[in-house]
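We name chains A, B, ... by the order of the sequence lines, and we start the count at 1 in each one. Just so it is clear, the values below take in all heavy atoms, side chains as well, and ignore hydrogens, waters and symmetry mates. Since the model is a prediction, treat every value here as computed from it, not as a measurement.
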Amino acid sequence: MQAPEGIRTHYEIFYKGFSELSVPTIEQKQRYANELFLNQGITFTVYSDNEGIERIFPFDIVPRIIRAAEWEHIEKGIKQRLKALNLFLNDIYGEQQILKDNIVPASLITSCPNYLRETHGIKVPHNIFIHISGIDLVRGKDGTFYVLEDNLRTPSGVSYMLENREITKRILPNKFAKSNVRMVSNYPLLLNKTLNALAPSQISNPTVVLLTPGIHNSAYYEHTFLARQMGIQLVESRDLVVDNQKVFMKTTSGLKQVHVIYRRIDDDFLDPLVFRTDSVLGVPGLMSAYRKGNVALANAVGNGVADDKAVYAYVPAMIKYYLDEDPLLPNIPTYHLSEPAQKELVYRDINNMVIKETNQSGGYGMLMGNKATDEEVLKIKTAIEKNPRNFIAQPIIPLSTCPCFIDGKLTPRHIDLRPFAIYGPDGIEIVPGGLTRVALREGSLVVNSSQGGGSKDTWIVDL
Amino acid sequence: MLLLSRTADSLYWLSRYIYRADSLLRSIRTNYITYLDNYQDELQSWEQTLLLYTQLSEQNISEIKHNSSTVIFYLVSAQENTNSLKTIITKARENARGVQDHITLEMWNQINKVYHLVYKEIEYSAVSGTMTLEQIDGLIKEIQLFIGLTDTTMPRGQGWNFLNTGKFVERILHTLYITGIYIEIKNKYDIVQAYEDKDIMYWKSMMLSLSGYELFLKTYNDGNHGFNALQQTFFHKNFPQSVSYSMERLRRNLDNIFKQNVIPGCDELERRFGKLHSNIRFSDMSDLNKENITPFIEKTAEDLIEFSNLFSKLYFAYH
């Protein structure tokens, strides 16, 4: 918000109005916002002493504001990245030319737990694998936006983006109206249009459903939110059955064929006949219907190989290889701990590194070198030695900050940004904004909700 | 629009639990006020409510039936009570949560509000023995608001029919059970049988719990309070809690369901309900006497439960 020369231009309108509010008024608005979140059930459950306690994902009422010109760059960069990643998935589950040309090491792919041989040869509609994605960005000291990670499987958080906006409209209506903020509310409509387009071409009025693991899933609110906003059925695995390689849902009027499934279940659990046999979240026979082309799945099966944290380091090379372009959004330097030289370098400088497990997310399986105890370092080194392919390291980036209203005053906290993209037959669309996550603990760089993070509305403003 | 079997199941149980919570609170309210009046009568106790909403033994009930704060704690939040208010509201919300895309946002927000009210305030008051009439009334109003929002915002499609089916099944069973228990207690402690009873204070308590006391006063003035109370709860055509009224409303919803979901087995289900409905529709107090009234209640409840089980098997068979 504040530059050395004063308040940044794009924050001026907001700041002028906000600074006129008294602290009790702001606190009252914050309380009102929290109450709205709670009463709408926009909560996640924390388990303690076998009892579930519902918590809201903390919301900070001060928006993060990004200039439209900056946004154009982000948007172009994400589109470029997704095109390359989608081509990579088509290639890796097809000819594997990128491996033959030694751009990406074959050993990296074959050792990736999310690379699914079962997906080979499946023709996905319109050659699109990544229908829905969330790309995590952070801003470094120099103002550059870096890609922190790609979420190409079942990214969540879009409902918070939409709800944060609705709450902002309620609590800061005048400031919002005056700020010329670009709209995000059409996301569900865009998503619905894309999902419908995935149905087999001969179906004029396809049945699209959202498959959820159920009410105990931490993102369940989002599943219900999206189903409601799109007007589609929210189904659980027990609502579906496969017969003659077609998927049906069980209704009070009998079985009804399903053509498109927006699934919010990981690959491993989708079909117990093909993947994990102990899965009760999946639908037996689903993969056979998918392979036959009788049902489309969004996202496609097998995307995990493209958002693996070790494969991430090769995305700039993929962009060059498939598109012959330089990446518009740079990666954060990434070290593979399976490479002895890189591992040595990381061990020497571990205090300035963050170590991540390649198949974990949500802030789990992560060690911040500057905060870790000797014991924690020793523990992770032992794990690395056991399976180095499972780990990568990156230098700790001092994330940019944004003012938050905490304890009655504006105070800086570290943030990231997750814009959400939809990839359909007509191209890639990204709603202007995304979910800004905040590390609410002073000095913390971890923004995940499970680790004390919160969120705020993200405004893209036309100046 | 098609309705998932699981969704139909959840809507059915959502309304059953909401109605159950509402009737439990009304019983608590009635007894709470009775005890404030310091009205001394062996028959006026929490016994009926405890029999209706808990699984306590006769011995346990007799130990606590005059202790309001212990009873309220047990009815509201005791972990071992599977029918406590806390459990009922949690189940209602769980069902609503599973069908959020089929109920309106207003309904979802309201059930959440009720849930948080119970968990944050009501439970604390019940545990600490500081429950006030204002709190009970406040919660009844919030539940009524949910019912009102349902009525004004819920689309009149398939979901509405299943929601209402649950409501009327629960309502009929509740009316049958509460009446049965009042008869049982009366007959147990008093030499005057329920059917012939003239003690208005006893039946007032039941009618207040059923929100039917005003209608009772307006309708009857011959002093045969036991007989009249039973007539109102079974056969009054305009009393929303009566078995007769609720059965008629249930029939309308079921007619819609049968028409819109023609699947093998629905003819048999329709026939069974027809018998049950006719049995109430073509009966009146002249068919009942002090000997057959309890078997009549038991048989009607038994038939309705059997019908409800068959209905569930046919329409909610997603397991």
Side-chain angles (χ1 to χ4, degrees), chain A residues 34-43 45 50-56 159 163 166 188 205 207-217 220-241 248-258 262 280 283, chain B residues 1-12 79 86 90-91 93-117 119-120 142 155 157-159 161-162 165 256-266 311-312 314-319:
Chain A
N34 292 348
E35 204 176 286
L36 285 170
F37 275 105
L38 193 66
N39 283 341
Q40 288 183 41
I42 310 173
T43 54
T45 310
N50 287 330
E51 194 161 350
I53 301 163
E54 293 202 16
R55 297 258 165 83
I56 60 166
S159 60
E163 288 291 3
E166 290 310 306
N205 188 16
T207 300
V208 180
V209 299
L210 193 156
L211 176 61
T212 172
I215 61 168
H216 299 296
N217 185 271
Y220 184 73
Y221 169 75
E222 178 154 309
H223 307 162
T224 62
F225 175 88
L226 289 173
R228 184 202 294 278
Q229 294 287 325
M230 291 191 282
I232 63 174
Q233 296 274 2
L234 180 68
V235 300
E236 296 177 16
S237 64
R238 55 189 168 152
D239 298 319
L240 299 179
V241 64
F248 296 90
M249 60 181 179
K250 300 169 193 172
T251 79
T252 54
S253 310
L255 298 179
K256 162 89 178 165
Q257 192 176 348
V258 171
Y262 174 26
V280 289
V283 186
Chain B
M1 190 179 169
L2 289 169
L3 192 68
L4 288 173
S5 297
R6 178 180 53 80
T7 305
D9 190 3
S10 293
L11 289 170
Y12 173 86
Q79 262 186 346
K86 192 177 152 186
T90 303
K91 285 180 178 172
R93 182 174 179 258
E94 292 280 284
N95 279 286
R97 199 181 174 91
V99 294
Q100 270 182 68
D101 53 328
H102 285 271
I103 58 174
T104 61
L105 195 56
E106 288 99 321
M107 288 166 69
W108 170 239
N109 290 350
Q110 184 58 24
I111 186 72
N112 259 312
K113 194 175 174 190
V114 170
Y115 172 83
H116 290 300
L117 190 64
Y119 270 73
K120 276 184 176 170
E142 293 297 339
Q158 291 252 44
N161 292 326
F162 281 95
T165 299
N256 289 337
I257 290 172
F258 294 144
K259 258 184 236 160
Q260 290 164 4
N261 303 282
V262 182
I263 50 175
C266 71
F311 179 82
S312 303
L314 189 67
Y315 287 114
F316 310 151
Y318 54 89
H319 299 292

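Interface residue B:Thr104: only backbone heavy atoms are found under 4.5 Å from chain A. Residue contact with chain A, scored on non-hydrogen atoms closer than 4.5 Å, involves the backbone and the side chain of B:Leu3 alike. With a threshold of 4.5 angstrom between heavy atoms, A:Tyr220 approaches chain B through side-chain atoms but not through N, CA, C or O. For a residue to count as touching a neighbouring chain, one of its non-hydrogen atoms must lie under 4.5 Å from one of that chain's; by this rule A:Val241 does not touch chain B. For A:Ile232, the part lying near chain B is the backbone, with the side chain staying farther off; criterion is any non-hydrogen pair under 4.5 Å. Neither the backbone nor the side chain of B:Leu314 comes within contact range of chain A, judged by heavy atoms closer than 4.5 Å. Contact of A:Glu35 with chain B is not made at all, since no heavy-atom distance falls under 4.5 Å. Contact of B:Gln110 with chain A is not made at all, since no heavy-atom distance falls under 4.5 Å.
A:Asp239 and B:Arg6 are joined by a salt bridge, as a carboxylate oxygen and a charged side-chain nitrogen come within less than 4.0 angstrom of each other.
Partners of A:Phe37 according to the ring-ring contact (aromatic ring centres under 6.0 Å, His included) rule, which considers only residues two or more places apart in sequence or in another chain, are A:Phe59. With sequence neighbours excluded, the residues that form a side-chain hydrogen bond (donor to acceptor under 3.5 Å, both in side chains) with B:Gln100 are A:Thr224, B:Trp108.
Heavy-atom pairs under 4.5 Å with chain B were tallied for A:Leu226, A:Val235, A:Thr212, A:Leu36; the largest tally goes to A:Val235. For chain B, the option among A:Gln233, A:Met249, A:Lys256 with the highest count of heavy-atom pairs below 4.5 Å is A:Gln233.
Within the 4.5 Å cutoff, the side chain of B:Tyr315 has heavy atoms near those of the B:Ile263 side chain. Within the 4.5 Å cutoff, no side-chain heavy atoms of B:Phe162 are placed close to those of B:Asp9.
Between the side chain of A:Asn217 and the backbone N or O of A:Pro213, no donor-acceptor pair lies under 3.5 Å. Formation of a donor-acceptor pair under 3.5 Å by the A:Ser237 side chain with backbone atoms of A:Val280 is found in this model.
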